[in-house]
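Take a look at the structure set out below.
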There are 2 protein chains.
Amino acid sequence: MDGYLEIAKNTVVGMLKAGNKAEQYLNGTLKPFDISLQQFNVLRILRGRKGKAANLNTVQQRMIHKMSNTSRLIDKLIEKKLVEREICPDNRRKIEIFITNRGLNLLDDLDNKIQMTEAEILKPLSIDDQKILRNLINKITLNN
Amino acid sequence: MDGYLEIAKNTVVGMLKAGNKAEQYLNGTLKPFDISLQQFNVLRILRGRKGKAANLNTVQQRMIHKMSNTSRLIDKLIEKKLVEREICPDNRRKIEIFITNRGLNLLDDLDNKIQMTEAEILKPLSIDDQKILRNLINKITLNN
DNA sequence: TTTATATATTTGTGTATACAATATTTGTAT
DNA sequence: ATACAAATATTGTATACACAAATATATAAA
(Lines give C-alpha, C1' and ligand atoms only; values in the text may rest on other atoms or scores of the structure.)
Protein backbone atom coordinates (compact mmCIF):
# COMPACT_ATOMS: atom_id res chain seq x y z
CA MET A 1 0.00 0.00 0.00
CA ASP A 2 1.50 3.33 -0.97
CA GLY A 3 1.53 6.59 0.97
CA TYR A 4 -1.63 8.13 -0.35
CA LEU A 5 -3.84 5.19 0.49
CA GLU A 6 -2.16 4.78 3.83
CA ILE A 7 -2.98 8.36 4.77
CA ALA A 8 -6.59 7.91 3.73
CA LYS A 9 -6.89 4.72 5.72
CA ASN A 10 -5.38 6.23 8.84
CA THR A 11 -7.54 9.29 8.52
CA VAL A 12 -10.73 7.28 8.24
CA VAL A 13 -9.77 4.99 11.09
CA GLY A 14 -8.97 8.09 13.12
CA MET A 15 -12.38 9.56 12.31
CA LEU A 16 -14.03 6.39 13.54
CA LYS A 17 -12.02 6.35 16.73
CA ALA A 18 -12.55 10.01 17.42
CA GLY A 19 -16.27 9.76 16.83
CA ASN A 20 -16.42 6.75 19.07
CA LYS A 21 -14.48 8.45 21.82
CA ALA A 22 -16.75 11.47 21.72
CA GLU A 23 -19.76 9.20 21.89
CA GLN A 24 -18.38 7.33 24.89
CA TYR A 25 -17.64 10.51 26.79
CA LEU A 26 -20.97 12.11 26.05
CA ASN A 27 -22.92 8.99 26.87
CA GLY A 28 -21.04 8.79 30.13
CA THR A 29 -22.12 12.30 31.01
CA LEU A 30 -25.71 11.61 30.02
CA LYS A 31 -26.05 8.26 31.69
CA PRO A 32 -26.82 9.53 35.21
CA PHE A 33 -29.71 11.40 33.63
CA ASP A 34 -30.99 8.21 32.03
CA ILE A 35 -30.88 9.56 28.53
CA SER A 36 -28.94 8.45 25.48
CA LEU A 37 -26.90 10.66 23.16
CA GLN A 38 -29.43 10.23 20.40
CA GLN A 39 -32.28 11.19 22.69
CA PHE A 40 -30.30 14.18 23.90
CA ASN A 41 -29.71 15.34 20.36
CA VAL A 42 -33.38 15.07 19.52
CA LEU A 43 -34.15 17.21 22.55
CA ARG A 44 -31.64 19.81 21.39
CA ILE A 45 -33.14 19.78 17.91
CA LEU A 46 -36.57 20.40 19.40
CA ARG A 47 -35.30 23.16 21.67
CA GLY A 48 -33.76 24.79 18.62
CA ARG A 49 -37.22 25.07 17.09
CA LYS A 50 -38.21 27.43 19.89
CA GLY A 51 -41.76 26.28 20.35
CA LYS A 52 -42.41 25.53 16.72
CA ALA A 53 -43.47 21.98 16.11
CA ALA A 54 -41.20 19.56 14.35
CA ASN A 55 -42.49 16.57 12.51
CA LEU A 56 -40.75 13.26 12.64
CA ASN A 57 -39.26 13.63 9.22
CA THR A 58 -37.59 16.91 10.08
CA VAL A 59 -36.15 15.51 13.26
CA GLN A 60 -34.80 12.49 11.48
CA GLN A 61 -33.05 14.60 8.87
CA ARG A 62 -31.23 16.61 11.50
CA MET A 63 -30.23 13.73 13.65
CA ILE A 64 -26.58 12.89 13.89
CA HIS A 65 -27.22 9.18 13.79
CA LYS A 66 -29.38 8.46 10.79
CA MET A 67 -31.23 5.65 12.42
CA SER A 68 -34.28 4.28 10.76
CA ASN A 69 -36.37 4.17 13.85
CA THR A 70 -37.06 7.63 15.14
CA SER A 71 -40.59 6.59 16.11
CA ARG A 72 -39.49 4.42 18.96
CA LEU A 73 -36.88 6.91 20.07
CA ILE A 74 -39.62 9.50 20.40
CA ASP A 75 -41.69 6.93 22.27
CA LYS A 76 -38.97 6.74 24.89
CA LEU A 77 -38.86 10.50 25.26
CA ILE A 78 -42.63 10.59 25.62
CA GLU A 79 -42.50 7.93 28.34
CA LYS A 80 -40.14 10.22 30.22
CA LYS A 81 -42.48 13.14 29.59
CA LEU A 82 -39.70 15.10 27.88
CA VAL A 83 -41.61 15.58 24.64
CA GLU A 84 -45.18 15.44 23.41
CA ARG A 85 -46.62 14.16 20.18
CA GLU A 86 -49.71 15.34 18.33
CA ILE A 87 -51.19 14.50 14.99
CA CYS A 88 -50.65 17.33 12.54
CA PRO A 89 -54.09 18.79 11.73
CA ASP A 90 -53.10 19.94 8.23
CA ASN A 91 -51.77 16.61 7.18
CA ARG A 92 -52.84 13.70 9.26
CA ARG A 93 -50.02 11.54 8.02
CA LYS A 94 -47.58 13.74 9.84
CA ILE A 95 -47.08 14.12 13.54
CA GLU A 96 -45.89 17.15 15.43
CA ILE A 97 -43.39 16.87 18.21
CA PHE A 98 -42.80 19.41 20.97
CA ILE A 99 -40.35 19.57 23.81
CA THR A 100 -42.00 19.90 27.21
CA ASN A 101 -40.94 22.20 30.04
CA ARG A 102 -39.55 19.18 31.75
CA GLY A 103 -37.44 18.53 28.64
CA LEU A 104 -36.24 22.12 28.58
CA ASN A 105 -35.31 21.95 32.24
CA LEU A 106 -33.36 18.78 31.68
CA LEU A 107 -31.42 20.45 28.87
CA ASP A 108 -30.71 23.39 31.16
CA ASP A 109 -29.27 21.03 33.73
CA LEU A 110 -27.21 19.27 31.10
CA ASP A 111 -25.80 22.21 29.17
CA ASN A 112 -22.91 22.91 31.52
CA LYS A 113 -22.04 19.30 31.98
CA ILE A 114 -22.02 18.65 28.26
CA GLN A 115 -19.86 21.71 27.66
CA MET A 116 -17.36 20.39 30.15
CA THR A 117 -17.36 17.03 28.44
CA GLU A 118 -16.84 18.64 25.06
CA ALA A 119 -13.91 20.59 26.46
CA GLU A 120 -12.52 17.37 27.92
CA ILE A 121 -12.71 15.62 24.56
CA LEU A 122 -10.96 18.47 22.78
CA LYS A 123 -8.45 19.15 25.54
CA PRO A 124 -5.47 18.01 23.47
CA LEU A 125 -6.18 20.72 20.89
CA SER A 126 -5.61 24.45 21.00
CA ILE A 127 -8.53 26.64 20.11
CA ASP A 128 -6.98 27.33 16.71
CA ASP A 129 -6.55 23.62 16.09
CA GLN A 130 -10.16 23.10 17.03
CA LYS A 131 -11.23 25.62 14.42
CA ILE A 132 -9.13 23.93 11.77
CA LEU A 133 -10.49 20.55 12.73
CA ARG A 134 -14.05 21.80 12.66
CA ASN A 135 -13.58 23.32 9.22
CA LEU A 136 -12.05 20.17 7.76
CA ILE A 137 -14.77 17.99 9.26
CA ASN A 138 -17.47 20.30 8.01
CA LYS A 139 -16.22 19.79 4.48
CA ILE A 140 -16.60 16.06 4.88
CA THR A 141 -20.08 16.16 6.32
CA LEU A 142 -21.37 18.91 4.07
CA ASN A 143 -24.06 16.77 2.50
CA ASN A 144 -25.20 15.07 5.67
CA MET B 1 -23.06 30.65 24.82
CA ASP B 2 -19.87 32.40 23.83
CA GLY B 3 -17.58 31.71 20.90
CA TYR B 4 -15.22 29.29 22.53
CA LEU B 5 -17.89 26.95 23.71
CA GLU B 6 -19.70 27.22 20.41
CA ILE B 7 -16.59 26.11 18.55
CA ALA B 8 -16.11 23.16 20.87
CA LYS B 9 -19.72 22.13 20.48
CA ASN B 10 -19.64 22.33 16.70
CA THR B 11 -16.38 20.48 16.57
CA VAL B 12 -17.67 17.63 18.68
CA VAL B 13 -20.92 17.40 16.77
CA GLY B 14 -18.89 17.38 13.58
CA MET B 15 -16.75 14.56 14.91
CA LEU B 16 -19.86 12.54 15.63
CA LYS B 17 -21.32 13.19 12.20
CA ALA B 18 -18.08 12.46 10.40
CA GLY B 19 -17.56 9.22 12.30
CA ASN B 20 -21.12 8.24 11.57
CA LYS B 21 -20.79 9.00 7.90
CA ALA B 22 -17.62 6.95 7.63
CA GLU B 23 -19.34 4.10 9.41
CA GLN B 24 -22.33 4.22 7.08
CA TYR B 25 -20.16 4.20 3.97
CA LEU B 26 -17.93 1.40 5.17
CA ASN B 27 -20.82 -0.73 6.33
CA GLY B 28 -22.42 -0.24 2.93
CA THR B 29 -19.32 -1.55 1.25
CA LEU B 30 -19.08 -4.50 3.62
CA LYS B 31 -22.71 -5.47 3.58
CA PRO B 32 -22.64 -7.51 0.34
CA PHE B 33 -19.93 -9.57 2.02
CA ASP B 34 -22.14 -10.15 5.01
CA ILE B 35 -19.69 -8.70 7.47
CA SER B 36 -19.91 -5.74 9.83
CA LEU B 37 -17.37 -2.97 10.25
CA GLN B 38 -16.44 -4.25 13.69
CA GLN B 39 -15.92 -7.77 12.35
CA PHE B 40 -13.87 -6.38 9.50
CA ASN B 41 -11.65 -4.49 11.88
CA VAL B 42 -11.05 -7.55 13.99
CA LEU B 43 -10.01 -9.42 10.87
CA ARG B 44 -7.59 -6.65 9.99
CA ILE B 45 -6.16 -6.72 13.50
CA LEU B 46 -5.62 -10.44 13.20
CA ARG B 47 -4.04 -10.14 9.78
CA GLY B 48 -1.71 -7.54 11.22
CA ARG B 49 -0.39 -10.17 13.65
CA LYS B 50 0.98 -12.14 10.68
CA GLY B 51 0.27 -15.60 11.98
CA LYS B 52 0.94 -14.82 15.62
CA ALA B 53 -1.98 -15.57 17.86
CA ALA B 54 -3.93 -12.82 19.49
CA ASN B 55 -5.87 -13.32 22.64
CA LEU B 56 -9.21 -11.75 23.16
CA ASN B 57 -7.89 -9.07 25.44
CA THR B 58 -5.39 -7.85 22.86
CA VAL B 59 -8.03 -7.73 20.16
CA GLN B 60 -10.40 -5.82 22.36
CA GLN B 61 -7.79 -3.19 23.18
CA ARG B 62 -7.12 -2.52 19.52
CA MET B 63 -10.70 -2.41 18.41
CA ILE B 64 -12.08 0.86 17.21
CA HIS B 65 -15.38 0.33 18.95
CA LYS B 66 -14.69 -0.53 22.55
CA MET B 67 -17.59 -2.87 22.91
CA SER B 68 -17.82 -5.09 25.90
CA ASN B 69 -18.73 -8.16 23.97
CA THR B 70 -15.87 -9.29 21.83
CA SER B 71 -16.64 -12.93 22.64
CA ARG B 72 -19.81 -13.03 20.66
CA LEU B 73 -18.30 -11.02 17.83
CA ILE B 74 -15.60 -13.67 17.54
CA ASP B 75 -18.33 -16.30 17.64
CA LYS B 76 -19.83 -14.79 14.52
CA LEU B 77 -16.49 -14.83 12.74
CA ILE B 78 -15.97 -18.46 13.72
CA GLU B 79 -19.41 -19.37 12.36
CA LYS B 80 -18.30 -17.89 9.05
CA LYS B 81 -15.01 -19.81 9.31
CA LEU B 82 -13.02 -16.59 9.05
CA VAL B 83 -11.16 -17.10 12.33
CA GLU B 84 -10.35 -19.95 14.68
CA ARG B 85 -10.19 -20.05 18.44
CA GLU B 86 -8.02 -22.21 20.67
CA ILE B 87 -7.43 -22.33 24.36
CA CYS B 88 -4.02 -20.95 25.21
CA PRO B 89 -1.92 -23.84 26.52
CA ASP B 90 0.24 -21.64 28.76
CA ASN B 91 -2.67 -20.02 30.46
CA ARG B 92 -5.95 -21.76 30.10
CA ARG B 93 -7.90 -18.67 31.00
CA LYS B 94 -6.81 -17.07 27.77
CA ILE B 95 -7.83 -17.98 24.28
CA GLU B 96 -5.85 -17.58 21.10
CA ILE B 97 -7.46 -16.33 17.96
CA PHE B 98 -6.16 -16.82 14.43
CA ILE B 99 -7.38 -15.64 11.08
CA THR B 100 -8.02 -18.46 8.60
CA ASN B 101 -7.03 -18.55 4.96
CA ARG B 102 -10.62 -17.92 4.15
CA GLY B 103 -10.45 -14.79 6.30
CA LEU B 104 -7.29 -13.65 4.58
CA ASN B 105 -8.85 -14.18 1.17
CA LEU B 106 -11.87 -12.17 2.17
CA LEU B 107 -9.64 -9.30 3.25
CA ASP B 108 -7.83 -9.51 -0.07
CA ASP B 109 -11.12 -9.16 -1.89
CA LEU B 110 -12.14 -6.27 0.30
CA ASP B 111 -8.95 -4.22 0.36
CA ASN B 112 -9.54 -2.44 -2.94
CA LYS B 113 -13.18 -1.80 -2.26
CA ILE B 114 -12.48 -0.38 1.17
CA GLN B 115 -9.76 1.85 -0.23
CA MET B 116 -12.21 3.23 -2.75
CA THR B 117 -14.74 3.85 -0.01
CA GLU B 118 -12.14 5.64 2.10
CA ALA B 119 -11.25 7.82 -0.87
CA GLU B 120 -14.94 8.53 -1.40
CA ILE B 121 -15.37 9.62 2.23
CA LEU B 122 -12.37 11.92 2.05
CA LYS B 123 -13.07 13.21 -1.46
CA PRO B 124 -13.83 16.76 -0.25
CA LEU B 125 -10.31 17.07 1.19
CA SER B 126 -7.00 17.56 -0.53
CA ILE B 127 -4.23 15.21 0.43
CA ASP B 128 -2.63 17.95 2.53
CA ASP B 129 -5.90 18.57 4.31
CA GLN B 130 -6.19 14.87 4.96
CA LYS B 131 -2.78 14.88 6.62
CA ILE B 132 -3.73 17.83 8.80
CA LEU B 133 -6.99 16.18 9.74
CA ARG B 134 -5.29 12.91 10.56
CA ASN B 135 -2.74 14.67 12.76
CA LEU B 136 -5.36 16.62 14.68
CA ILE B 137 -7.51 13.55 15.17
CA ASN B 138 -4.54 11.52 16.30
CA LYS B 139 -3.97 14.02 19.08
CA ILE B 140 -7.51 13.51 20.28
CA THR B 141 -7.41 9.74 20.23
CA LEU B 142 -3.91 9.42 21.57
CA ASN B 143 -4.94 7.51 24.66
CA ASN B 144 -7.43 5.24 22.99
C1' DT C 1 -3.54 -26.59 51.98
C1' DT C 2 -7.11 -23.69 52.19
C1' DT C 3 -8.73 -19.15 51.33
C1' DA C 4 -8.79 -15.02 49.08
C1' DT C 5 -7.82 -12.12 45.20
C1' DA C 6 -6.90 -11.14 40.43
C1' DT C 7 -7.31 -12.20 35.51
C1' DA C 8 -9.70 -13.78 31.28
C1' DT C 9 -13.60 -15.06 29.08
C1' DT C 10 -18.42 -16.30 28.60
C1' DT C 11 -23.26 -15.91 29.38
C1' DG C 12 -27.85 -13.59 30.75
C1' DT C 13 -30.71 -10.02 29.93
C1' DG C 14 -32.79 -5.83 28.74
C1' DT C 15 -32.40 -2.28 25.36
C1' DA C 16 -31.13 -0.35 20.82
C1' DT C 17 -30.65 -0.77 16.10
C1' DA C 18 -31.31 -1.91 11.07
C1' DC C 19 -34.25 -3.23 7.69
C1' DA C 20 -38.44 -4.71 5.81
C1' DA C 21 -43.35 -4.94 5.94
C1' DT C 22 -47.52 -2.76 7.03
C1' DA C 23 -50.93 0.67 7.78
C1' DT C 24 -52.85 5.32 6.96
C1' DT C 25 -53.50 9.45 4.65
C1' DT C 26 -52.84 12.37 0.70
C1' DG C 27 -52.22 13.50 -4.18
C1' DT C 28 -52.99 12.42 -9.06
C1' DA C 29 -54.67 10.45 -13.15
C1' DT C 30 -58.33 8.16 -15.53
C1' DA D 1 -65.72 8.80 -8.16
C1' DT D 2 -62.16 5.10 -8.45
C1' DA D 3 -57.87 3.36 -8.71
C1' DC D 4 -53.07 3.94 -8.31
C1' DA D 5 -49.00 5.94 -6.58
C1' DA D 6 -46.47 8.73 -3.14
C1' DA D 7 -45.61 10.37 1.47
C1' DT D 8 -45.46 9.55 6.43
C1' DA D 9 -45.27 7.06 10.35
C1' DT D 10 -45.60 2.66 12.96
C1' DT D 11 -44.75 -2.11 13.87
C1' DG D 12 -42.43 -6.91 13.39
C1' DT D 13 -38.40 -9.21 13.70
C1' DA D 14 -33.79 -10.57 13.76
C1' DT D 15 -29.50 -8.99 15.14
C1' DA D 16 -26.23 -6.09 17.79
C1' DC D 17 -25.03 -3.94 21.80
C1' DA D 18 -24.07 -2.49 26.83
C1' DC D 19 -23.67 -3.84 31.23
C1' DA D 20 -23.67 -6.92 34.95
C1' DA D 21 -23.26 -11.51 36.71
C1' DA D 22 -21.26 -15.87 36.40
C1' DT D 23 -17.58 -19.15 35.34
C1' DA D 24 -13.01 -20.83 35.14
C1' DT D 25 -8.23 -20.47 35.86
C1' DA D 26 -4.16 -18.60 37.93
C1' DT D 27 -1.59 -16.18 41.59
C1' DA D 28 -0.80 -14.85 46.26
C1' DA D 29 -1.48 -15.01 51.20
C1' DA D 30 -2.39 -17.12 55.62
Side-chain angles (χ1 to χ4, degrees), chain A residues 16 19-42 46 53-80 83-98, chain B residues 16 19-42 46 53-80 83-98:
Chain A
L16 294 170
N20 213 245
K21 175 175 179 172
E23 222 163 298
Q24 302 275 51
Y25 274 58
L26 292 168
N27 269 320
T29 302
L30 294 171
K31 185 159 196 192
F33 296 85
D34 198 34
I35 191 175
S36 72
L37 178 55
Q38 300 211 34
Q39 290 173 359
F40 174 68
N41 280 319
V42 168
L46 293 175
N55 57 38
L56 204 141
N57 216 352
T58 310
V59 172
Q60 197 157 16
Q61 278 164 17
R62 300 190 180 203
M63 281 173 66
I64 291 172
H65 309 260
K66 306 288 181 207
M67 67 179 286
S68 48
N69 219 336
T70 315
S71 270
R72 273 185 277 236
L73 195 151
I74 300 289
D75 286 344
K76 296 292 159 66
L77 291 173
I78 289 172
E79 278 174 29
K80 294 171 194 161
V83 309
E84 283 172 359
R85 166 168 48 194
E86 292 177 11
I87 294 170
C88 178
D90 308 342
N91 185 337
R92 297 179 51 201
R93 283 172 301 189
K94 296 186 182 179
I95 65 165
E96 290 179 334
I97 305 165
F98 306 87
Chain B
L16 294 171
N20 214 245
K21 175 174 180 174
E23 221 163 301
Q24 302 275 50
Y25 274 57
L26 292 168
N27 269 319
T29 302
L30 294 171
K31 186 159 195 194
F33 296 85
D34 198 35
I35 192 175
S36 72
L37 179 54
Q38 300 210 33
Q39 291 172 0
F40 174 67
N41 281 319
V42 168
L46 293 175
N55 58 36
L56 205 141
N57 215 352
T58 311
V59 172
Q60 198 157 16
Q61 278 164 16
R62 300 190 180 205
M63 281 173 68
I64 291 172
H65 309 261
K66 307 286 180 207
M67 66 180 285
S68 49
N69 218 336
T70 315
S71 269
R72 273 185 280 234
L73 194 151
I74 299 289
D75 287 344
K76 296 294 160 67
L77 290 174
I78 289 172
E79 279 174 29
K80 295 172 193 161
V83 311
E84 283 173 359
R85 168 168 46 193
E86 293 177 13
I87 294 170
C88 178
D90 309 342
N91 185 336
R92 296 179 52 200
R93 284 174 300 187
K94 296 186 183 179
I95 63 167
E96 290 180 334
I97 305 165
F98 305 88

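Each chain gets a letter, A, B and so on, in the order the sequences are listed, and its residues count up from 1.
A donor-acceptor contact under 3.5 Å is formed by the side chain of B/R93 with the base of C/dT7.
Regarding contacts with the backbone of C/dT10, a side-chain N or O of B/R85 is found under 4.0 angstrom from either OP1 or OP2. Residue A/K76 places at least one side-chain N or O under 4.0 Å from the OP1 or OP2 atom of C/dA16. For A/K31 and D/dC19, the shortest distance from a side-chain N or O to OP1 or OP2 is below 4.0 Å. Listed pair A/Q38 / C/dT17 meets the phosphate criterion, a side-chain N or O lying under 4.0 Å from OP1 or OP2.
Residue contacts for B/N69: at a heavy-atom cut-off of 4.0 Å it reaches a base atom on one of the strands shown.
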Practice task
Check step by step if side-chain contact (heavy atoms from CB on, under 4.5 Å) holds for B/M63 and B/N41.
Solution key: CA-CA 7 Å; B/M63 281 173 68; B/N41 281 319; 5.9 Å; no
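Between the side chain of B/N20 and the backbone N or O of B/L16 there is no donor-acceptor pair closer than 3.5 Å.
Each of A/N91 and A/Q39 was assigned the nucleotide of DNA chain C with the nearest heavy atom; the assignment lying further toward the 5' end belongs to A/Q39.
In this structure, B/L73 places its CG atom 15 Å from P of C/dT11, rounding to the nearest Å. The distance from atom CD of A/E86 to atom P of D/dT10 is 13 Å, rounded to the nearest whole Å. Nucleotide C/dT15 holds its P atom 16 Å from the CD1 atom of A/I35, rounded to whole Å.
Distances were taken from every side-chain heavy atom of B/L56 (C-beta onward) to each of C/dT10, D/dA26, D/dT8; the shortest belongs to C/dT10. The B/R72 side chain lies nearest to D/dC19 when the options are C/dT17, D/dC19, D/dT10. When each of C/dT10, C/dT26, D/dA9 is scored by its nearest atom to the side-chain atoms of B/S71, the top-ranked nucleotide is C/dT10.
When all heavy atoms of B/E96 and B/A53 are compared, the pair lying nearest together is CB-CB, 3.7 Å.
For A/R62, the CZ atom counts as loosely surrounded, since its 6.0 Å shell holds 12 or fewer non-hydrogen atoms of other residues, nucleotides or ligands.
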